[in-house]
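Residue numbering restarts at 1 for every chain, and letters A, B, ... go by the order of the sequence lines. Note that the structure is predicted; figures quoted are calculated from it, not measured.
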Amino acid sequence: MMRGSRVVAPTTVTGAAIYATLRRALIEARTPSGGSLRDLLGADRVYIATVPNDPAFPYVTLRLARESEGANGFRERGSLEVQIVGRPASQSALVEDVADLVDLAFLGYTESGSGLMFGRSRTRQTLPAFSEPADRDTVGVVAVYSLTLWPLVLQDRAANAGDA
Amino acid sequence: MKFDASVQITDHGRRYKKAMRDGVPRALYAAGEVYRAKVVKRLRKGYTSGAFVLGRSRGSVRVDAPKDVRWDLSGAYIRVGTNVPYMLFWELGHHNVFTRRYERVEIWVPALAETRQAQGEAFARVLDRYIASKVGRP
């Protein structure tokens, strides 16, 4: 798909594309002063679903759970879990700053490039102090964004089923 | 005018309303028990190895008593939870100091989704029986 001179990947054409779209939305988000995730983290450390065993901190993880909601299964309710984890504990303020940026990216999120995704609410919690067996020096924030999805991948399946 | 038969109409509205109010906490407790049992069953397998789950953690999974059911503007709710903090870390993921790896084993959230239907059935069954015991069946 082309938009002007810029190539934009299909947004909801596959499950992996949905993740790529969400990840891109986060990386492209800007604070009111123009700061980005890269400015805060020093790199685009956004992982999907899991985390390397020896990551650099802080990092962000995205994980999306999808559930059929209506319209014969074409409309889905999604829960996008975003974790921001820092180490050592002195990164707690930075972790909260990153969580603010994540809010800016997803709290009023609308993506209608192909298919449709939007989010309007979330829960956000700072994790309590970790204790064994968890590393005591890690700090984190967990936010879960409620999304509504009309993913193109499901519409394509319906079209294929109709052709059969 | 003389009638050969009569129909008596009784207003059970107040009794029904009270039975509903008193029955909902019991029904919620039954639904919570379904969820609690599923969590405990999953915990028996342990986290990555049985070494990370002790009887203490399984025994810590509790459902609020019916008297502790809370009401707010959206309705009534009951809490199911634990006071063992490391279960939260396993559920959300953590960097484990023993395995030296990132570990995450979800038990609570999948169990909630899996038991949704059974919770609803337990709720309906207990509430129906309770109201019938107080008001009678039509």
Toward chain B, the part of [X] with a non-hydrogen atom under 4.5 Å:
X      : answer
A:T138 : side chain
A:A129 : backbone
A:P55  : side chain
A:E132 : both
A:R87  : neither

Other residues, nucleotides, ligands: >12 heavy atoms within 6.0 Å of [X] [atom1]:
X      : atom1 : answer
B:Y77  : OH    : yes
A:Q125 : CD    : no
B:R62  : CZ    : no
B:R129 : CZ    : no
B:D72  : CG    : yes

Going by atom type alone, with no hydrogens or angles, which donor-acceptor pairs under 3.5 Å involve a side-chain atom of residues 139-153 of chain A and a protein atom two or more places apart or on another chain?
{"unit_1": "A:Y145", "atom_1": "OH", "unit_2": "A:D103", "atom_2": "N", "d": "3.4"}
{"unit_1": "A:Y145", "atom_1": "OH", "unit_2": "A:D103", "atom_2": "OD1", "d": "2.5"}

Quick check: is [Y] connected to [X] through a chain of hydrophobic side chains (ILVMFWY, heavy atoms under 4.5 Å apart)?
X      : Y      : answer
B:I107 : B:V63  : yes
B:V40  : B:Y35  : yes
B:V80  : B:V109 : no

* Check B:H95 against A:N53 and note the closest heavy-atom contact, atom names and distance. =>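 Here B:H95 and A:N53 meet closest at ND1-O, 4.4 Å.
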
* Which pair of heavy atoms, one from A:P128 and one from B:F89, lies closest together, and at what distance? -> O-CE2, 4.4 Å

* Asked: What part of B:R101 lies closer than 4.5 angstrom to a heavy atom of chain A: side chain, backbone, both or neither?
  -> both

* Part of B:L92 within contact of chain A (heavy atom distance under 4.5 Å) -> both

Quick one: [atom1] on [X] to [atom2] on [Y], what's the gap to the nearest 0.5 Å?
X      : Y      : atom1 : atom2 : value
B:Y102 : A:Y59  : OH    : OH    : 5.5 Å
A:Q83  : B:R104 : CD    : CZ    : 5.0 Å
A:L127 : B:H94  : CG    : NE2   : 12.5 Å

* Hey, does the side chain of A:D135 reach the backbone of B:N96 with a donor-acceptor pair shorter than 3.5 angstrom? ->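 Between the backbone of B:N96 and the side chain of A:D135 there is no qualifying donor-acceptor contact (under 3.5 Å).
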
